[in-house]
Amino acid sequence: MPELPEVETIRTYLNTILPSHPVVSVKHLDARMVKMGTVSSESIAHRLPGLVVQSMGRRGKYLVMRFFDKSALIIHLGMSGRLVVEPEANPWRSHTHLVLGLREDKELRLVDPRRFGRIGYFVEFDKDRTLRLGPEPLSRSFTAQYLIDRLRRRKSPIKSLLLDQSLVAGLGNIYVDEALFGAGIHPLSPGSTVSFRSASRLVRSIRRVLRVSIANRGTSFSDYVDALGHQGQNQEYLAVYGRWGQPCLKCGSPIHSLVIHARTTHFCQHCQPMLEDLEG
DNA sequence: CGCCAGTCCTGACAGC
DNA sequence: TGCTGTCAGGACTGGC
């Protein structure tokens, strides 16, 4: 399941090969995947050929393929999406929903069996306005003070709140669990009970968890592979996610699991106490 | 506005 | 062996 580190790994590679290359052709585009923006799939297929890639960017979990005419193709990989560059001689996998013809007999292919992914084309793309997302967790604008201000009146569990992309962009189920473990915060703690001190720990923990995973080229738990089709290595370094019943790496007590916000949540009851309500 | 339940989707797997 | 049911979850929608 691609979250920020996985999308960043894909972005980094694509950004080494795509800039200054034109889209030669749109060989395939499944209209059902176009779920963003106002440009239809037919119009996208008509507009893309000839456009030259300026850069491959990322905003939260969205990949941003920017063209020199200021337009951009946005791709979200959802749960099972893969974006790979392959020789056109290789057969298409099943569930291939987008194929862009590139130079040198290469193709950029989006494969997404569950079709939770999404595509959109924006004629004028503004990274701060087009997608309604919170700050990048690795940017300077993501601070403890920002978190406190946004969490102050929220009663939902901190786990749910951190999954909200308008609060902070790029975290998914795995890295929220890992970050809360690193910060020593129980996932059911209401947002309003997060003190400045715990918010500082949380910001540091989120950054650490993401940086480590990016260095490991992402977590391959089920579907994820990078743009070269290679698995990431970060699954070897997860402290709680997927470790139900196994000993906590800090205290040895078994990792617990429960469902929050319809997401399986892993945590250590001993190392992650509920935060106290500051209003009391 | 906040919060929650429902929706989409298919591969993998358990159980019969 | 082959069917059926269940589970996984990111982001959006609608109801209250």
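Every heavy atom of this structure was used, including side-chain atoms; hydrogens, water molecules and symmetry mates were not. Residue numbers begin at 1 in each chain, while the letters A, B, ... track the order of the sequences. Only a predicted model underlies this, so the values are computations on that prediction, with no experimental measurement involved.
For the helix from dG2(B)-dC16(C) to dC16(B)-dG2(C), the terminal axes (five pairs an end, C1' atoms, rotation from four pairs onto the next four) enclose an angle of 40°, given to 10 degrees.
For Phe68(A), the CZ atom sits in a packed shell: over 12 heavy atoms of surrounding residues, nucleotides or ligands are nearer than 6.0 Å. Atom NE2 of His270(A) has 12 or fewer neighbouring heavy atoms from other residues, nucleotides or ligands inside a 6.0 Å radius.
An OP1 or OP2 oxygen of dT10(B) is reached within less than 4.0 angstrom by a side-chain nitrogen or oxygen of Arg115(A). Residue His95(A) places at least one side-chain N or O closer than 4.0 Å to OP1 or OP2 of dG11(B).
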Polar-atom pairs under 3.5 Å, protein N or O versus N or O of nucleotides 3-5 of chain C: list them with distances, or write none.
none

Pull out every protein N or O sitting under 3.5 Å from an N or O of nucleotides 3-5 of chain B, one pair per line with the distance.
unit_1: dC3(B); atom_1: OP1; unit_2: Lys155(A); atom_2: N; d: 2.8
unit_1: dC3(B); atom_1: OP1; unit_2: Ser156(A); atom_2: N; d: 3.4
unit_1: dC3(B); atom_1: OP2; unit_2: Arg154(A); atom_2: NE; d: 2.4
unit_1: dC3(B); atom_1: OP2; unit_2: Arg154(A); atom_2: NH2; d: 2.8
unit_1: dC3(B); atom_1: OP2; unit_2: Ser156(A); atom_2: OG; d: 3.4
unit_1: dC3(B); atom_1: O5'; unit_2: Ser156(A); atom_2: OG; d: 3.1

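Residue Tyr224(A) is out of contact with every strand shown, counting any heavy-atom pair closer than 4.0 Å.
Counted by atom type alone, Thr9(A) and Thr12(A) present zero donor-acceptor pairs between their side chains at under 3.5 Å. Residues Tyr146(A) and Arg150(A) bring a donor and an acceptor atom of their side chains to less than 3.5 Å of each other. A donor-acceptor contact under 3.5 angstrom links the side chains of Glu6(A) and Tyr175(A), judged on distance only. Remark: the Gln269(A) side chain and the His256(A) side chain contain an N/O donor-acceptor pair separated by less than 3.5 Å.
As rounded to whole Å, 16 Å separates atom C1' of dC7(C) from atom CH2 of Trp244(A). What separates NZ of Lys159(A) from C1' of dG9(C) is a distance of 10 Å, to the nearest Å. In this entry the distance linking CG of Asp164(A) with P of dC1(B) reads 12 Å, nearest Å. Between Arg82(A) atom CZ and dG11(B) atom C1' the separation is 12 Å, expressed in whole Å. Atom P of nucleotide dA8(C) and atom CG of Asp177(A) are separated by 13 Å, given to the nearest angstrom. Atom pair His97(A):NE2 and dC8(B):C1' shows a separation of 13 Å (rounding to whole Å applied).
Partners of Ser200(A) by side chain to side chain donor-acceptor pair (under 3.5 Å), not counting sequence neighbours: none found. Scored by the salt bridge (charged side-chain N to carboxylate O under 4.0 Å, His left out) test, Asp149(A) finds Arg152(A) as partners (sequence neighbours excluded).
Between Lys27(A) and Glu107(A), at least one side-chain N (NZ, or NE/NH1/NH2) sits under 4.0 Å from a carboxylate O, which counts as a salt bridge. The residues Arg109(A) and Glu86(A) are annotated as salt-bridged, a charged nitrogen and a carboxylate oxygen being separated by less than 4.0 angstrom. Between Asp226(A) and Arg217(A) there is a salt bridge, with a side-chain nitrogen of the basic residue lying less than 4.0 Å from a carboxylate oxygen of the acidic one. Residues Asp177(A) and Lys159(A) are paired through a salt bridge, judged by an N-O separation under 4.0 Å between the basic side chain and the carboxylate.
Judged by the 6.0 Å and 45° rule, Lys70(A) forms no cation-pi pair with Phe122(A).
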In B/S/- notation, 5' to 3', how is nucleotides 10-16 of chain C contacted by protein heavy atoms closer than 4.0 Å?
BBS----

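Between Leu138(A) atom CG and Ile214(A) atom CD1 the span is 5.5 Å, to the nearest 0.5 Å.
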